[in-house]
Amino acid sequence: MSFDLVLFGGTGDLVWRKLMPALFQAFRHGTLPAGGRILGVGRDDHSHEAYRELIRTRFDKVELAKRPTLEEFTRFAAMLEFVRMDLSRPQDYARLGAALAQRAADTVLMYVATAPSLFTVVCEQLAAAGLNTAQTRVVLEKPLGHDLASNRTINDTVRRVFSERQVFRIDHYLGKPAVQNLFALRFGNALFEPLWRREHIANIQITIAEELGVEKRGAFYETTGALRDMVQNHALQLLCAIGMEPPINAHADAIRDEKLKVLRSLKPWTAQTLAQDVIRGQYGAGTVAGTPVSAYRDELGVQPNSPTETFVALRTEIANWRWAGVPFYIRTGKRLAGRDAHIVVNFRPTPHAIFSSRPGLANRLVINLQPRDGLELHLLAQGQDNRRNASSLAPVQLDLDFDKRFGSERVGAYERLLLDVIDGRLNLFVRSDEQEEAWRWVEPILEHWKNDTQGPRVYSAGTWGPSTASAMIARDGFCWAEEA
Ligand code: BG6
């Protein structure tokens, strides 16, 4: 099958940091269909050769499992071409049309890796130039809008130009092997299903912690913040994966229907829950992995009195028969104590205690997403000194490390998602109604913050965020995983 992959924003960060390395890995793994062409689009006047050279030099700066040899890169780069375009000029779309017409590929993929303000422009211009044919798919990167209204505007425009089955909205967390493993764990095994409900689960915690700060993206981050950047999309998708009902089959819409139901069941916010159950923080100066780092307000492109949150912790509930009353905690932040993304499922304690000691850290399942991908089952077992004390229990851990089991050079998130776009598989992409529902749910928080003069709590870089996040969970009688 031949394909043309058009990368709008072809010289931008996302392309050289994520998309090109992912395409190269797919090429190296032999999974990128032969006969493909990758057309980088940008305003500069690059020849095809100059564009290839640009990507080659950028490859030195990205993380690749193994550096490409010159011969390997040259074979990959033969697929790369460059098309100069100013995305607001209709004539330039004619130039793109001419480049595409040179070989009439079976599938044309338009990957809009530009500033979100250009999404609607690109879609409208593609339609005006007649480039939205039945063979075309469009890929949209997050953020899709900055609130419900702007998200709707983008989705409405996209809907006028493409049918929903042609639209691939990326949330790269869905492409992570660990997230697919979560689906496999829940829907490929019957073991956990009877336990996966309010009768047996005390609470669920989703943590996405980053060591990195905002790097050079200060200006972007100032208008985004952690709620829009991580919670509205990645964290809520994880919440859906952990909380959804088993879909009737593995088709895209069956999965997306169930995720949508979770989003619709999230408990509506009240003035009281907004005040108590949502914590925002902003990193101050501190030390991360032994290196002193500066405060968010001292980062490039950030206002000295910025109210933007770099940390969010919140408590919510899924109001349905399976989950009523079970708290779901979400926590994400930059410049935290480690790069660590995991989901903790805390089961309820035994109904009646017959052993005298009850050491902590048991009765829980941990789903590790990164840096390692795996499962930990924490149980209690009879401890070592059982001759002296017949009832001394000790926590033990069953570890399943998927990186060890399947090899750590597994298919990365973008590689997987790009191959899915090429093959037309929509399972791991977000439907517009899911996205709108997620915006609808976060919007009261944004509104609340607008009127809240307190602003975010400052936390020292290299910690787990403001202490109010611990106080929030402690109110329910629980604690975060690292505090147990
Ligand atoms: C992106 C956010 O969507 O996800 C970034 O815009 C964040 O701010 C990144 O750093 C985290 O992704 P990952 O895969 O490194 O956990």
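The first residue in the sequence is number 1, and the count goes up from there. As the structure lists them, so they are numbered: ligands from 1, and atoms in each ligand from 1.
Within 4.0 Å of ligand 1, contacts by protein heavy atoms are made from K142, H172, Y173, K176, E210, R217, D229, M230, H234, K334, R339, Q370.
Aromatic ring centroids of F311 and Y283 lie 6.0 Å or more apart.
Classified by interplanar angle (parallel below 30°, tilted 30° to 60°, perpendicular above 60°), the ring pair F192/W196 is perpendicular. The aromatic rings of F59 and F76 lie parallel to each other, their planes meeting at an angle below 30°, with 60° marking the opposite boundary.
Residues satisfying the side-chain hydrogen bond (donor to acceptor under 3.5 Å, both in side chains) criterion with R56, sequence neighbours excluded, are E53.
A donor-acceptor contact closer than 3.5 angstrom links the side chains of Y329 and D476.
Counting heavy-atom neighbours within 6.0 Å of H29 NE2, excluding the residue itself, gives a total above 12.
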